[in-house]
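As structure tokens, the structure follows; a few thoughts come after it.
Small disclaimer: the values here were computed from a predicted structure and weren't measured.
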Amino acid sequence: MALALEEASAAAACGDVPVGAVLLDAAGQVVSRNRNRREADHDPTAHAEMLVLREAAAKLGGWRLLETTLVVTLEPCAMCAGAMVMARIQRVVFGTRDPKSGAVVSLYQITQDSRLNHQVEVVSGIKEEECAEQLKRFFQARRKASTVK
């Protein structure tokens with residue numbers, strides 16, 4: 001989670017929502033890491049998780065990311081949760097819940113839906129306070145900047 005938090009800090013420094021993600025192989029080695037880049041890339045799909053999955057698939061030479069763990073600072077949205085199921089990752093580990101768009105435990109449970117062809121193990125609350133605080137500081141600064149203008 002420490003690496004994901006580093007990526008999230010880099011996202012915030014570039015004006016993107018501070019979300020970072022890391023994909024680990026079965027031995028716990030980093031396969032890929034990235035951060036939100038929606039603002040930087042002008043791409044609504046440039047979520048940290050999506051970028052990590054794309055990079056890992058290219059690096060490993062296939063779309064099936066079996067026996068991998070995705071570590072991310074914020075609960076994934078529906079797009080990212082769906083991509084995790086489609087990529088066949090084994091486990092997602094996230095820091096803090098997203099009550100407005102979380103699709104792993106908060107609003108939906110896409111990764112656990114037995115109607116889909118794959119389910120993803122879920123571990124939540126890892127460095128939860130640190131992940132939540134990073135987001136809180138980012139949005140407080142953004143609100144403050146918009147009221148100053």
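Atom CE of M50 and atom CG of D43 lie 9.0 Å apart (nearest 0.5 Å). Once rounded to the nearest 0.5 Å, the distance linking OG1 of T111 with CG of L70 reads 11.0 Å. Atom CZ in R33 sits 5.0 Å away from atom CD in E6 (nearest 0.5 Å). Atom NZ of K136 sits about 11.5 Å away from atom OG1 of T96, to the nearest 0.5 Å. Note that CD of E7 is 5.0 Å distant from CZ of R35, once rounded to the nearest 0.5 Å. Put simply, CG on D25 and CG on L60 are 8.0 Å apart, with the number rounded to the nearest 0.5 Å.
Contact annotation: the side chain of L51 never approaches that of T45 to less than 4.5 Å [non-hydrogen atoms, C-beta and beyond]. Between C131 and L74, the closest side-chain pair of non-hydrogen atoms is not below 4.5 Å. Side-chain contact between I110 and L116 is present, with at least one heavy-atom pair separated by less than 4.5 Å. With contacts defined as side-chain heavy-atom distances shorter than 4.5 Å, the pair V22/V52 does not qualify. Using a 4.5 Å cut-off on side-chain heavy atoms (C-beta onward), K127 and L5 make contact. No side-chain heavy atom of V71 sits under 4.5 Å from any side-chain heavy atom of L3. Taking the side chain as every heavy atom from C-beta outward, K59 and S32 never approach each other to under 4.5 Å. Put simply, the side chain of Q134 does not reach to within 4.5 Å of the side chain of F138, judged on heavy atoms.
The minimum heavy-atom distance between M1 and I126, with the atom names listed, is CE-O, 3.6 Å. Across every non-hydrogen atom of A40 and D16, the tightest pair is N-OD2, 3.3 Å. Contact record, A12 with P18: CB-CB, 3.8 Å, taken as the closest heavy-atom pair. The heavy-atom pair separating C77 from A103 by the smallest distance is C-CB, 3.5 Å. Of all the heavy atoms in N34 and A48, the pair that sits closest is O-CB, 4.0 Å.
Considering N117, T68, V120, L65 in turn, N117 is the only one that fulfils the side chain to side chain contact (heavy atoms under 4.5 Å, CB included) rule with R88. The only option from H47, E39, R38 that meets the side chain to side chain contact (heavy atoms under 4.5 Å, CB included) definition with V17 turns out to be R38.
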Set out, in order, the CA-CA distance, both residues' side-chain angles and the distance that settles side chain to side chain contact (heavy atoms under 4.5 Å, CB included) for V92 and E121, then state yes or no. CA-CA 6 Å; V92 61; E121 178 187 339; over 6 Å; no

Before you tell me yes or no, could you show the steps for L24 and V31 under side chain to side chain contact (heavy atoms under 4.5 Å, CB included), namely the whole-Å CA-CA distance, both residues' side-chain angles and the distance that decides it to 0.1 Å? CA-CA 5 Å; L24 306 171; V31 176; 6.0 Å; no

Yes or no on side chain to side chain contact (heavy atoms under 4.5 Å, CB included) for F94 and V104, after CA distance, side-chain angles and deciding distance? CA-CA 10 Å; F94 69 87; V104 174; 3.9 Å; yes

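Salt bridge E75/R97: absent, no basic N to carboxylate O contact under 4.0 Å. Ion pairing between K100 and D98 fails under the 4.0 Å rule for side-chain N and carboxylate O.
Residue M86 is grouped with residue I89 when hydrophobic side chains (ILVMFWY) are merged at heavy-atom distances under 4.5 angstrom, including chains of intermediate members. V123 and M84 fall into different hydrophobic clusters, where Ile, Leu, Val, Met, Phe, Trp and Tyr side chains are chained together by heavy-atom contacts under 4.5 Å. By the rule that hydrophobic residues join a cluster once side-chain heavy atoms approach within less than 4.5 Å of another member, M79 and V122 end up as members of separate clusters.
The backbone N or O of E129 sits nowhere less than 3.5 Å from a side-chain atom of E133 that would complete a donor-acceptor pair.
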